[in-house]
Trainee: 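Provided herewith is a single structure, encoded as structure tokens, for subsequent inquiry.
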Protein chains: 2
Amino acid sequence: MEWDRRRRKSDDSGDGTRRGYHHGNLREALIGAALDLIASKGLSGVTFAEAARAAGVSAAAPYRHFPDRESLLAEVARRGFEHFAERLEAAWQDGRPEPVAAFNAVGRAYLAFARAEPAYYTAMFEAGLSLDDHADLRAAGDRAFAVLRGAAERLVGDLPREGRPPALMMALHVWSMSHGIAALFARADGGRRRLPMSAEDLLEAEVLIYLRGLGIAA
Amino acid sequence: MEWDRRRRKSDDSGDGTRRGYHHGNLREALIGAALDLIASKGLSGVTFAEAARAAGVSAAAPYRHFPDRESLLAEVARRGFEHFAERLEAAWQDGRPEPVAAFNAVGRAYLAFARAEPAYYTAMFEAGLSLDDHADLRAAGDRAFAVLRGAAERLVGDLPREGRPPALMMALHVWSMSHGIAALFARADGGRRRLPMSAEDLLEAEVLIYLRGLGIAA
DNA sequence: GGCGTGATGTAATAACCGTTCACATGGAGT
DNA sequence: ACTCCATGTGAACGGTTATTACATCACGCC
């Protein structure tokens, strides 16, 4: 790995603790610490000072790698969107073996990510990061959305030309459903309120009804 | 008003500035300051110290009215849900003159609230407040949701018994759509990304397609 | 192999915030 | 008039962000 070459020879124990004057991989260590802190103490628990402590460096060291605390969170969120896009792509599988089923798989993958990676999801959608201040964050988010949009285009393509809805609109609709359910009901803490069904089933039913409304049958 | 009686006679200028040793209406002043701070500096700009400064009292004074900073935000969010429920009820109008049209009005009212009251909306949905720690907050949220649920029950009631979907599920679906669109596209800053149509139109189309999928025509 | 330099980490510091505590004030009721 | 207690004050503690001058060392260059 790239960073292995940069570590000091006396610091190759692999346990992540610092050995010499230089950490050798502080940037990665801080990102990892931020993820751990989100998971254990929530967004407000993510502290430059605490992340630095976890990495075994002084409180000022993180400023060599991130201009400020928010940029650290933005980088976590950016990576979250990268992983997110990968998961969605893996679920979509270019619409194979069957577009509607693959589309439902994308929806399930959306919620699965929110559940399996609550720390990333929190940084991505709940950290209040401005997309204008972090252009690369917006780009990563766009890449994830592109999967939804591509899938929508495929589904819409099977409809007769007249009355065919815009694929972009359909993608936005499905995104809003997925995000709405994830934000309201599929949070790490089990969601903001109790449900009579799983968030996954709720979303699947919602998408199914929506697709039926578009004339796309399962 | 109630609090007027509690103000000192020398403090009835009405400009909100403190005159004597006691403020007379600090609790309300803090809530107002919190709303202003959310609007001007965002959630992280809401500071007990800053709110106290705005009210012209010392930094320790707020603790006489709220156990901690989070409780102030929770109270703001609670009031937000109260107003929210009122707006939704006003839009629904018990389903008059026509249920589907009234239902769409509820959706528009949802987004209108997110736009017109970004400070409340932020406190309600983006402050990361635990509903378990603030029972009254949950109750206020439930009251707002009850409007959606009642509307859903009305719409579902017009369907034939066989295959009639659960009203609760339908209410959750519509809530997820509304919240998803509000969170993703109708934020105060104009939303996280550009849209080819207004958030209101996007939601109206989404609900329309969804209702068609349920067999409820416009 | 020796050297300089830029990247990386440290210590010290200033400003700010949440929170607590002992104490001060004065409005309300007796 | 007097007391009570809700409300506000000032000082203090520990923690956070961020900046600055200084320390260390890995690497490339000769």
Side-chain angles (χ1 to χ4, degrees), chain A residues 2-12 16-31 33-34 37-38 41-75 127-129 133, chain B residues 2-12 16-31 33-34 37-38 41-75 127-129 133:
Chain A
E2 162 68 15
W3 53 266
D4 264 336
R5 284 195 288 104
R6 309 197 56 181
R7 297 189 91 161
R8 297 185 65 247
K9 292 168 195 66
S10 61
D11 187 22
D12 54 1
T17 55
R18 190 175 70 90
R19 294 298 164 82
Y21 188 89
H22 288 100
H23 183 286
N25 195 26
L26 183 52
R27 186 182 165 88
E28 292 301 317
L30 290 172
I31 291 168
L37 286 172
I38 295 176
K41 303 200 231 167
L43 256 184
S44 64
V46 179
T47 272
F48 247 32
E50 187 75 23
R53 260 192 297 276
V57 297
S58 76
Y63 290 90
R64 297 293 181 194
H65 299 273
F66 300 96
D68 52 32
R69 183 197 113 111
E70 191 177 281
S71 295
L72 170 59
L73 283 177
E75 171 62 12
L129 298 168
D133 295 349
Chain B
E2 161 68 16
W3 54 266
D4 263 336
R5 283 195 288 103
R6 308 197 57 182
R7 298 189 89 162
R8 299 183 64 245
K9 292 169 193 65
S10 61
D11 186 23
D12 54 1
T17 56
R18 190 175 69 90
R19 295 296 166 83
Y21 188 90
H22 289 101
H23 182 286
N25 195 25
L26 184 52
R27 186 182 165 89
E28 292 301 318
L30 291 172
I31 291 168
L37 286 172
I38 295 176
K41 302 200 230 167
L43 257 184
S44 64
V46 179
T47 268
F48 245 34
E50 187 75 22
R53 259 191 299 276
V57 297
S58 76
Y63 289 88
R64 296 295 179 193
H65 300 274
F66 300 96
D68 51 31
R69 184 197 112 112
E70 191 177 281
S71 295
L72 169 58
L73 283 177
E75 172 61 11
L129 297 168
D133 295 348

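Given the structure is predicted, the values throughout are model-derived calculations rather than measurements. Naming: A, B, ... by sequence-line order, numbering from 1 per chain.
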Trainee: Find the distance L37(A):CG to dT16(D):P and express it as a whole number of Å.
Mentor: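 After rounding, the gap between these two atoms is 10 Å.
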Trainee: Test of understanding: with side-chain contact (heavy atoms from CB on, under 4.5 Å), list the residues that count as partners of A127(A), not counting sequence neighbours.
Mentor: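 Residues passing side-chain contact (heavy atoms from CB on, under 4.5 Å) with A127(A): L43(A), L129(A).
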Trainee: Say you draw a straight line from NE2 of H65(B) to CD of E75(B); how long is it, rounded to the nearest 0.5 Å?
Mentor: 12.5 Å
Trainee: For dG9(C), take OP1 and OP2 only and decide whether either is under 4.0 Å from a side-chain N or O of H65(A).
Mentor: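 Yes, because at least one side-chain N or O of H65(A) sits under 4.0 Å from OP1 or OP2 of dG9(C).
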Trainee: Tell me every residue that passes side-chain hydrogen bond (donor to acceptor under 3.5 Å, both in side chains) with D133(B), counting only those two or more places apart in sequence or in another chain.
Mentor: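 Once residues adjacent in sequence are excluded, D133(B) has no partner under the side-chain hydrogen bond (donor to acceptor under 3.5 Å, both in side chains) criterion.
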Trainee: Sequence neighbours excluded, which residues qualify as side-chain contact (heavy atoms from CB on, under 4.5 Å) partners of A60(B)?
Mentor: S58(B)
Trainee: Starting at atom CD of E28(A), determine the distance to atom P of dT8(C), rounded to an integer number of angstrom.
Mentor: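 Distance, rounded to whole Å: 13 Å.
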Trainee: Rounded to the nearest Å, what distance is computed from the CG atom of residue L30(A) to the C1' atom of nucleotide dT8(C)?
Mentor: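 Going from L30(A) (CG) to dT8(C) (C1'), I get 12 Å.
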Trainee: If we only count heavy atoms from C-beta on, is the F66(A) to I31(A) side-chain gap below 4.5 Å?
Mentor: yes
Trainee: Output a table of nitrogen or oxygen pairs between the protein and nucleotides 17-19 of chain D separated by less than 3.5 Å.
Mentor:
residue	atom	partner	partner atom	Å
dT17(D)	OP1	F48(A)	N	2.9
dT17(D)	OP2	F48(A)	N	3.4
dT17(D)	OP2	A49(A)	N	3.1
dA18(D)	OP2	Y63(A)	OH	3.4
dA18(D)	OP2	R69(A)	N	3.1

Trainee: Please name all residues satisfying side-chain contact (heavy atoms from CB on, under 4.5 Å) with T47(B), sequence neighbours left out, ordered by chain then number.
Mentor: A49(B), E50(B)
Trainee: Under the salt bridge (Lys or Arg N to Asp or Glu O under 4.0 Å) test, which residues partner R64(B), sequence neighbours left out?
Mentor: none
Trainee: Would you mind reading off the distance between H23(B) atom NE2 and dG27(C) atom C1', rounded to a whole angstrom?
Mentor: 16 Å
Trainee: Mapping R64(A) and R64(B) onto DNA chain D by nearest heavy atom, which one lands closer to the 5' end?
Mentor: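 In this pair, the answer is R64(B).
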Trainee: Between C1' on dG18(C) and CG on L73(B), what's the gap in Å once rounded to a whole number?
Mentor: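 Spelled out: CG on L73(B) to C1' on dG18(C) is 13 Å.
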Trainee: Could you tell me the separation between the CG atom of L72(B) and the P atom of dT19(C), rounded to a whole number of Å?
Mentor: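 Atom CG in L72(B) sits about 11 Å away from atom P in dT19(C).
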Trainee: Look at the side chain of S58(A) and decide which nucleotide, out of dT9(D), dG9(C), dT10(C), has an atom nearest to it.
Mentor: dT10(C)
Trainee: Could you tell me how far apart R53(A) (CZ) and dG9(C) (C1') are, to the nearest whole angstrom?
Mentor: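 These atoms are roughly 16 Å apart.
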Trainee: In whole Å, what is the span from the CG atom of N25(B) to the P atom of dG8(D)?
Mentor: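 Rounding to the nearest Å, CG of N25(B) and P of dG8(D) are 10 Å apart.
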